[in-house]
Structures are given as structure tokens and as C-alpha cells.
Amino acid sequence: MNNRGFRYEKVKTFLSICIIQKRIFFRDMIFDTIVIGKGLIGAAAAKYLSSPKNKVALIGPDEPRNPDKAMVFASHYDQGRIQRIIGTDEVWTKLNLTSARQYQSIEKQSGITFHNQDGCLYVNPRGVDEYLSNAAQQAQQAGISYTPFKTAKEITSFFPGFIFPASSEGLFETAPSGSINPRLLIKAQLKLLQQNKGVVINDMAIKIEYEKNMFTVTTGENKTYFSGKILLCPGAFINFFPLTEKKLDLDLKSETVLLAEVTEDEAKRLSNLPSLLYEIETANYRNIYLIKPLQYPDGKFYLKMGCNLPGDIHFDTLAEVQDWFRKGNSDAHLPVLKEALISIMPSLQAKNFITGRCMVSYTRHRKEYIGEIENDGLFVACGGNGYSAMCADAIGKIAARVVLQGSFPPEFSEASFAPVFTK
């Protein structure tokens with residue numbers, strides 16, 4: 001073979017390799033289903049969708065190291081979220097119970113522990129309210145038990161770490177109520193997703209296009225992925241990017257939390273403290289939630305408390321949300337939050353107090369939006385209403401079933417989760 005022929009064979013071989021590599025590369029960009037949003041619901045849904053017969057990708061950014069450079073944020077950047085079973089109605093109760101029943105299996109399969117079973121205490125300082133009136137029926141239907149309290153004295157005899165007005169009534173749920181670590185729960189779900197051969201893509205979906213029965217997803221890193229089905233789980237940010245033609249009806253509200261730093265000894269003293277939901281209403285704050293001291297990534301122990309405040313912000317634009325997470329003046333609420341905490345835990349020995357910023361997305365009917373929207377194959381699961389962390393696994397499972405089978409589980413009504421759009 002002369003030199004000219006030799007060079008031709010080398011070029012032909014090189015081109016063949018390039019074509020093969022391109023096909024492999026292109027094949028790796030095509031999925032049966034793509035889930036957008038790597039939060040609690042998206043991670044759960046992707047896990048339930050994934051199987052050897054269903055090639056699944058989950059696209060979403062990791063927790064940002066530098067908030068000033070982040071485009072989107074999430075409220076699951078946290079160590080503790082309340083877990084209860086008796087919800088505000090039958091739907092939330094079923095979702096909570098369904099999720100909690102899966103925790104042991106998820107922990108065992110992933111090797112990651114995220115569930116604290118310390119129980120959950122509900123208290124209303126004004127006495128019996130609608131929630132307490134309906135608790136017996138909710139508990140009976142769900143097959144769970146709880147301890148009712150008719151006086152504040154009864155409550156503090158069980159939980160001396162708290163102080164409540166004499167007129168208070170409440171109830172206490174034992175395990176599996178307590179709290180979950182949302183960071184670790186997502187980590188566990190991602191591990192199971194990858195065990196099922198699912199793909200996790202650390203990127204942000206910024207645009208979806210639909211043509212010829214195929215969705216094209218473009219990401220912030222200018223990558224392109226293709227899929228026959230898309231499940232949108234980007235939480236409060238769904239309306240801020242061209243992901244849907246119609247916008248979902250969502251009310252986005254700021255949330256400020258107080259982190260009370262305590263010593264390890266103080267954390268041990270309060271180690272049996274249950275999670276608390278306290279339905280107090282004052283001119284300065286209302287609806288307190290509290291979780292016992294837990295160790296955070298910085299190695300310190302913090303008791304977490306949050307509540308609704310008159311100064312909470314309702315957001316309309318992406319810029320407003322970004323400004324809140326990056327440099328919002330959450331410290332302006334510090335005196336009020338400290339006052340609220342000390343009123344119910346006067347014996348707390350705290351070294352320091354800091355505030356944190358998060359956000360809640362409310363739907364029109366106060367249930368998660370789950371269903372198919374617009375183009376054939378585009379689905380949504382978002383709108384937590386402040387409750388979804390404790391039942392995200394169940395919500396993700398329902399959403400996965402809707403994507404795969406086109407139907408809801410028989411114990412849930414499609415109408416309960418129907419997506420509502422702005423006019």
C-alpha cells in the first residue's frame with residue numbers, strides 16, 4: 001500500500017470512530033423520561049420512575065456554594081423538617097402515612113439514615129380548633145394512635161422543655177412522627193435512583209421545546225437532552241423559566257427561620273424533645289414550628305424555629321426571589337423570633353442566634369399540583385404548601401404512576417391534585 005492509500009485508510013478509520021462516538025454520545029442524551037428538579041419530590045419521583053426498562057434522567061443543580069452566583073434556590077438546604085402523620089385533612093394524612101411507611105426501606109436500601117422518630121406535638125393556646133376536632137377521625141381512618149391533651153399542665157408534664165398558656169390543648173403523635181433530614185433524604189433517593197440505572201445530571205434546565213413527539217431540554221451549561229416524557233418538579237421556580245406555555249397559579253411567600261446555636265450538652269439535654277407545631281396567633285408572629293437541636297454541616301448544634309410573620313414577602317419575579325435568598329434582610333425579624341422562642345422555651349441555653357431564609361409555594365387548592373399539562377407527555381408535580389417535605393416520597397410515587405400509567409392510585413382523587421393555571 002502506497003503512502004496515499006495508507007493515509008486514506010487512517011482517515012476512514014478515524015471518521016468511523018468519530019461516527020460511532022457521536023452515536024454513543026447522542027444516545028446518552030436520549031431518555032424515556034426526564035425529571036426536572038432535584039429536590040425532595042423530584043428525587044423521589046425519579047427513583048420510582050427508574051427501572052431497566054425506563055431510562056430516566058434527573059436534572060437539577062446541587063446546593064449552591066455561593067448564593068450570589070446561584071440562579072435557583074430551595075428550602076431543602078436544611079437538616080430538619082417536621083414529620084407528622086395526622087394532616088389537615090384526609091389527603092394530607094394519607095400522603096404523610098404513605099411516605100413514613102417507606103422510610104425504613106429507603107434507609108435500609110440506601111444505607112443512609114435521615115429519619116428521627118421523636119414524635120410530633122401539636123398545641124393550640126386557644127383550646128380546641130378544627131384540626132384537633134378532626135384528629136380522631138383522621139387517626140381512625142389512618143389506623144394510627146395519638147395522645148390528646150386537655151390542659152397545658154398535661155402537656156408540660158410530658159414535655160417539661162415547653163411552656164404554654166393554661167388554656168392550651170393539643171395532641172402528641174409518637175413514631176414515625178418526628179423529623180426528617182431533607183439533605184440526607186434526597187441523598188438516599190438519588191442513591192436508589194442510580195442503583196436503578198438512573199442518571200443524575202448536575203445542571204439546571206432553562207428551556208423546554210416540543211416537536212414531533214419529542215421534548216428537547218436545554219440546560220444552563222448549554223447541554224441538550226431529549227425525551228418522550230418530562231416531569232416538572234422545579235418547585236417555586238417553575239414559572240420563571242420557559243418550561244411551560246401556561247403559568248401555574250402559585251403564591252410564593254418568604255419564610256424566615258431562627259437557628260439557636262446550643263452546646264452539645266444542651267443538645268443532649270433536649271434530645272428527647274418532640275417536633276412542635278404551635279398554632280399561636282399574635283400581632284407579631286403566628287404558626288410556630290420547631291425542631292430539637294440537631295448537628296449541622298458546620299459541626300454546630302442548632303435548634304430550628306420558624307413562623308409566619310407580618311413582614312413576609314410575596315414574590316412575583318425571579319429577581320425578587322433571588323434578592324431574598326442572596327441578601328434578604330431576615331435579621332430584621334431576629335428580635336421577634338427570639339421573643340417567640342423564649343416564650344415557649346424560657347429555659348433554653350443558647351450561645352447565639354442566626355436567621356435563615358427560605359420560601360413556601362402555595363397552590364390555589366392547597367394541594368400539590370400533579371398531572372399532565374399542555375403537550376402530550378409533559379407532566380408536573382409542584383406546589384408544597386409548606387407540607388410537602390414530610391410526604392415528598394408519596395407525592396413522587398403518585399407523580400411517577402401518573403407518568404407511567406396515566407392514572408392516580410385508587411386511594412387518591414385526580415381532582416385533589418388538578419393543576420390550576422393563571423388566567
Side-chain angles (χ1 to χ4, degrees), residues 35 37-50 58 74-76 78-110 112-120 122 135 138-139 141-146 173-193 196 231 233 235 274-275 277 289 291 360-361 363 366-370 381-403 408-413 416-417:
V35 180
K38 204 166 59 179
L40 287 160
I41 293 172
K47 176 196 69 175
Y48 284 113
L49 283 164
S50 60
L58 175 62
S75 298
H76 62 252
D78 192 9
Q79 296 299 99
R81 300 292 294 275
I82 286 178
Q83 177 69 56
R84 68 172 173 183
I85 303 301
I86 303 174
T88 55
D89 60 25
E90 183 181 358
V91 174
W92 286 113
T93 299
K94 286 181 180 179
L95 290 171
N96 294 341
L97 185 60
T98 302
S99 285
R101 284 174 171 169
Q102 291 299 312
Y103 291 162
Q104 185 176 5
S105 174
I106 296 171
E107 288 182 332
K108 183 177 180 180
Q109 292 179 56
S110 67
I112 298 171
T113 301
F114 58 84
H115 183 204
N116 295 311
Q117 303 186 57
D118 305 303
C120 181
Y122 178 96
Q138 296 291 332
Q141 290 176 343
I144 59 176
S145 61
Y146 67 93
E173 301 178 36
T174 58
S177 291
S179 66
I180 57 170
N181 183 319
R183 285 187 173 111
L184 293 182
L185 175 52
I186 289 176
K187 185 177 180 180
Q189 302 284 37
L190 296 183
K191 186 173 182 179
L192 298 184
L193 166 64
N196 292 341
L231 174 61
C233 306
S275 297
L277 294 165
Y289 55 91
I291 297 174
V360 181
S361 58
T363 63
R366 295 299 190 266
K367 299 290 190 303
E368 189 84 8
Y369 290 151
I370 304 175
C382 73
N385 300 281
Y387 297 139
S388 63
M390 69 182 80
C391 57
D393 189 76
I395 292 172
K397 188 174 184 179
I398 292 171
R401 176 185 169 119
V402 171
V403 172
F408 282 75
E411 65 270 27
F412 292 102
S413 167
S416 297
F417 305 99

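Quick note: numbers below take in every heavy atom, side chains included, and nothing from hydrogens, waters or symmetry partners. Computed from a predicted structure; not experimentally measured.
In this structure the side chain of L184 never reaches within 4.5 angstrom of the side chain of T113, judged on heavy atoms. With a 4.5 Å cut-off on side-chain heavy atoms, C391 and N96 count as touching. Looking at heavy atoms from C-beta onward, R101 lies out of side-chain contact with T98 at the 4.5 angstrom threshold. Proximity of Y369 to F417: side-chain heavy atoms (C-beta onward) are nowhere separated by under 4.5 Å. Taking the side chain as every heavy atom from C-beta outward, P176 and Q104 never approach each other to under 4.5 Å. Side-chain contact check for C382 versus C233: every heavy-atom pair is 4.5 Å or farther apart. Between I144 and L97, the closest side-chain pair of non-hydrogen atoms falls below 4.5 Å. Between R81 and M390 the shortest side-chain heavy-atom distance does not fall below 4.5 Å.
The distance from atom CG of L192 to atom OG of S110, rounded to the nearest 0.5 Å, is 5.5 Å. With values rounded to the nearest 0.5 angstrom, E173 atom CD is found 9.0 Å from L277 atom CG. Here Q189 contributes atom CD and I41 contributes atom CD1; the two are 11.5 Å apart, rounded to the nearest 0.5 Å. Of the inter-residue distances, the one linking I112 atom CD1 with I186 atom CD1 reads 11.5 Å to the nearest 0.5 angstrom.
No side-chain donor-acceptor contact under 3.5 Å links S179 to the backbone of G80. The backbone N or O of K367 lies less than 3.5 Å from a partner atom in the side chain of T363, making a donor-acceptor pair. Not one N or O on the side chain of N116 forms a donor-acceptor pair closer than 3.5 Å with the backbone of D118. The main-chain N or O of S177 is never found under 3.5 Å from a side-chain atom of Q117 such that the two would form a donor-acceptor pair.
Identified under the ring-ring contact (aromatic ring centres under 6.0 Å, His included) test for residues 81-109, with sequence neighbours left out: W92-Y387, Y103-F114, Y103-H115. Under the salt bridge (Lys or Arg N to Asp or Glu O under 4.0 Å) criterion, the residue pairs touching residues 389-403 are K47-D393, with sequence neighbours excluded.
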* Should I85 and Y146 be marked as a side-chain contact (heavy atoms from CB on, under 4.5 Å) after you check the CA-CA gap, both sets of side-chain angles, and the distance that decides it? -> CA-CA 10 Å; I85 303 301; Y146 67 93; over 6 Å; no
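Applying the side-chain contact (heavy atoms from CB on, under 4.5 Å) rule to T93 yields the partners Q138, A142; only residues at least two apart in sequence or on another chain are considered.
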